[in-house]
Chemist: 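My questions all concern the structure below.
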Amino acid sequence: MALLSFKDNLQEAKGIAKLISKLMAREQGRFSPSDILVLLRGDHNQQFSKPIKDELDKLNIPYADSNWVSALLAEEPNRDRKSTRLNSSH
C-alpha cells in the first residue's frame, strides 16, 4: 500500500494507469487486472473515474465499470421477481 500525491486529477489518472501498467508487466508476481482495485472516495457524475478510465483505455487496460455494476445490482430484484413468477406458474 502506498499513499501517492499528484498535481491534479489528470496527472492522478495518468499516474494510476501507469502504476497499474507496471504492476501488470512485472515478470515475477505479475498481476492481472482483476487483482487490482482502485478505490475512490466518491464519484459524482464520474468526476474522478472518467479521467482514470480514459487513461486505462489509452493503455488498453481492461477495467470493471462501477457504474455498470451498480446498474446491474439495481436490476437484480426485478430479475428475481420475474424468475419467481415464471417458476411459480409451473
Side-chain angles (χ1 to χ4, degrees):
M1 179 186 251
L3 179 60
L4 305 173
S5 178
F6 299 93
K7 182 178 176 180
D8 57 34
N9 67 336
L10 184 55
Q11 293 302 315
E12 178 182 52
K14 288 179 179 184
I16 289 170
K18 185 176 178 181
L19 178 60
I20 291 170
S21 178
K22 286 185 177 194
L23 288 171
M24 292 172 52
R26 286 188 177 172
E27 290 181 26
Q28 293 181 346
R30 181 176 183 259
F31 292 94
S32 72
S34 63
D35 295 327
I36 300 167
L37 176 65
V38 177
L39 298 174
L40 301 175
R41 175 181 60 206
D43 195 28
H44 182 69
N45 293 328
Q46 298 186 21
Q47 178 181 0
F48 300 107
S49 65
K50 182 159 179 14
I52 296 169
K53 289 184 226 177
D54 291 345
E55 292 300 320
L56 292 173
D57 286 337
K58 287 178 186 177
L59 297 176
N60 295 315
I61 298 172
Y63 57 86
D65 189 334
S66 61
N67 294 317
W68 180 84
V69 173
S70 297
L72 181 65
L73 291 174
E75 292 175 7
E76 281 187 3
N78 294 334
R79 257 191 249 139
D80 290 342
R81 275 188 243 133
K82 288 178 186 174
S83 64
T84 303
R85 278 190 218 128
L86 290 174
N87 292 335
S88 64
S89 65
H90 287 278

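Computed over heavy atoms, backbone and side chain alike; hydrogens, waters and symmetry mates excluded.
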Chemist: For the side chain of Arg30 and the backbone of Met24, is there at least one donor-acceptor N/O pair under 3.5 Å apart?
Modeler: yes
Chemist: Identify the heavy atoms of Ile61 and Ala17 that sit nearest to each other, and give their distance.
Modeler: CD1-O, 3.8 Å
Chemist: Starting at CG of Leu59, measure out to NZ of Lys22 and round the result to the nearest 0.5 Å.
Modeler: 11.5 Å
Chemist: Measure the CD1-CD1 distance between Ile52 and Ile16 for me, rounded to the nearest 0.5 Å.
Modeler: 3.5 Å
Chemist: Specify the closest pair of heavy atoms between Leu39 and Leu37, including all atoms of both residues, with the distance to one decimal.
Modeler: CD2-CD2, 3.7 Å
Chemist: Are Ile36 and Phe48 connected, step by step, through hydrophobic side chains (Ile, Leu, Val, Met, Phe, Trp, Tyr) whose heavy atoms are closer than 4.5 Å?
Modeler: yes
Chemist: Which residues pass the side-chain hydrogen bond (donor to acceptor under 3.5 Å, both in side chains) test with Ser5, sequence neighbours left out?
Modeler: none
Chemist: Would you please name every residue forming a side-chain hydrogen bond (donor to acceptor under 3.5 Å, both in side chains) with Lys18, sequence neighbours left out?
Modeler: none
Chemist: Heavy-atom distance under 4.5 Å between the side chains of Ile20 and Val38, does that happen here?
Modeler: yes
Chemist: Please name the pair of heavy atoms, one in Asn9 and one in Pro51, separated by the smallest distance, quoted to 0.1 Å.
Modeler: ND2-CG, 4.1 Å
Chemist: Salt-bridge test for Asp54 and Lys50: reply yes if a basic N is under 4.0 Å from a carboxylate O, no otherwise.
Modeler: yes
Chemist: I'd like to check Asp35 versus Leu23 (side-chain heavy atoms, cut-off strictly below 4.5 Å). Are they in contact?
Modeler: no
Chemist: Kindly compute the distance separating CG (Leu19) from CG (Leu4), expressed to the nearest 0.5 Å.
Modeler: 6.5 Å
Chemist: Calculate, to the nearest 0.5 Å, the distance between atoms CZ and CD belonging to Phe6 and Gln11 respectively.
Modeler: 8.5 Å
